[in-house]
Amino acid sequence: ADSMRRAADVIRQPAAIKALSAQASAIERIESLQRMLAEQRKETSATLAGERTRRSSQDLSRLFGRQDRLARQTRSLDTERERRGRWTRPLLKQLRELAEQQQKMVEDTQAVHLPGVGKPDSKKSPETITGQMWIAADSLRRRQTGTSAQQAQQQALVLLDRCLDRVRTA
């Protein structure tokens, strides 16, 4: 009981009251700073997510443009081969380069970060796109510029377009 009385006397002293007041003020300030920091983190996270979405959209747009050019080149090459009735050396060189570019598309598409990947069904999209691109590359390596290569390229374009739409509306 005596030690309780002494403790109460110490707390009633002006210095102790000032110390408690300063402590309460410091705690209040720390809590305020923690709230501000949490808000800044939230804003930074939202900004970062927006930047990732913008970058993914740009990457997908570039991939779409490249895939579209490859599809047009495949049709043109197929038409030229049909016109000549056979593969010539210059056409075979173009075909080899086209197959290499199509294979590079597979690799570049796999490297693109897509927001939302990891959600159910979202992983399926990039794999399906690269699967179609791989089919096209394989067809081109086997000197098949007709239906199998062209359909795979067109399907890859459709899937890229859908993915791009999803990213833009995210």
Side-chain angles (χ1 to χ4, degrees), residues 31-170:
E31 288 171 349
S32 172
L33 290 171
Q34 286 175 332
R35 284 190 299 274
M36 286 176 29
L37 183 59
E39 185 61 34
Q40 285 178 342
R41 281 185 182 148
K42 201 159 113 179
E43 289 173 9
T44 301
S45 181
T47 301
L48 184 58
E51 180 61 26
R52 283 185 185 141
T53 299
R54 184 188 65 74
R55 187 173 297 139
S56 293
S57 178
Q58 288 175 338
D59 290 345
L60 285 169
S61 291
R62 280 192 291 273
L63 289 172
F64 184 88
R66 285 175 51 201
Q67 184 61 47
D68 186 51
R69 281 191 299 280
L70 292 175
R72 282 186 275 119
Q73 288 173 346
T74 299
R75 285 190 301 274
S76 174
L77 196 57
D78 189 55
T79 300
E80 187 61 23
R81 188 200 55 77
E82 289 282 327
R83 188 181 69 75
R84 292 184 185 203
R86 64 185 181 87
W87 287 107
T88 62
R89 281 189 177 179
L91 289 179
L92 286 172
K93 181 180 181 215
Q94 288 177 11
L95 179 62
R96 188 172 39 260
E97 290 170 355
L98 186 62
E100 289 170 1
Q101 290 171 6
Q102 186 65 65
Q103 182 60 44
K104 180 83 170 105
M105 281 293 297
V106 172
E107 297 160 12
D108 291 349
T109 302
Q110 288 171 335
V112 170
H113 168 76
L114 299 176
V117 169
K119 296 179 182 173
D121 194 45
S122 64
K123 188 76 174 156
K124 183 179 158 195
S125 234
E127 290 171 357
T128 306
I129 294 168
T130 57
Q132 291 300 312
M133 290 175 177
W134 188 88
I135 291 169
D138 189 55
S139 294
L140 294 171
R141 278 190 295 273
R142 290 184 284 124
R143 296 183 181 180
Q144 297 174 352
T145 55
T147 306
S148 65
Q150 291 179 34
Q151 282 180 344
Q153 287 175 325
Q154 281 307 122
Q155 187 61 28
L157 281 169
V158 167
L159 293 169
L160 278 169
D161 191 44
R162 284 183 194 159
C163 195
L164 193 54
D165 284 343
R166 277 197 313 267
V167 168
R168 285 179 179 155
T169 58

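Numbers here are sequence positions counted from 1.
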Quiz item: Any salt bridge between Asp108 and Arg66, counting N to O under 4.0 Å?
Solution: yes
Quiz item: So, Asp68 and Arg72, do they make that salt bridge, N to O below 4.0 Å?
Solution: yes
Quiz prompt | Test side-chain hydrogen bond (donor to acceptor under 3.5 Å, both in side chains) applied to Arg62 and Gln58, step by step | solution = CA-CA 6 Å; Arg62 280 192 291 273; Gln58 288 175 338; 4.7 Å; no
What side-chain donor-acceptor pairs closer than 3.5 Å can you find for residues 91-101, not counting sequence neighbours?
none

Quiz item: Where is the tightest heavy-atom contact between Leu157 and Ala71, given as atom of each residue plus distance?
Solution: CD1-CB, 4.2 Å
Self-check item: Minimum heavy-atom distance Ser139-Ser148, with the two atoms named
Solution: OG-OG, 3.2 Å
I need the [X] [atom1] to [Y] [atom2] distance, nearest 0.5 Å.
X      : Y      : atom1 : atom2 : result
Gln132 : Gln155 : CD    : CD    : 5.0 Å
Asp138 : Gln103 : CG    : CD    : 9.0 Å
Arg69  : Thr74  : CZ    : OG1   : 12.5 Å
Leu48  : Glu51  : CG    : CD    : 8.0 Å
Leu60  : Ile129 : CG    : CD1   : 7.0 Å
Gln150 : Leu70  : CD    : CG    : 12.5 Å

Are any side-chain N or O atoms of [X] and backbone N or O atoms of [Y], one a donor and one an acceptor, separated by less than 3.5 Å?
X      : Y     : result
Gln153 : Gln67 : no
Thr79  : Arg75 : yes
Ser45  : Arg41 : no

Heavy-atom side-chain proximity of [X] to [Y] below 4.5 angstrom:
X      : Y      : answer
Leu37  : Gln34  : no
Thr145 : Trp87  : yes
Thr109 : Pro126 : no

Practice problem: Could you check Arg162 against Asp165 for side-chain contact (heavy atoms from CB on, under 4.5 Å), going step by step and ending with a plain yes or no? | Solution: CA-CA 5 Å; Arg162 284 183 194 159; Asp165 284 343; 5.7 Å; no
Practice problem: Using the side-chain contact (heavy atoms from CB on, under 4.5 Å) rule, take Ser56 and Arg166 through it: C-alpha gap first, then chi angles, then the decisive distance, then the call. | Solution: CA-CA 11 Å; Ser56 293; Arg166 277 197 313 267; over 6 Å; no
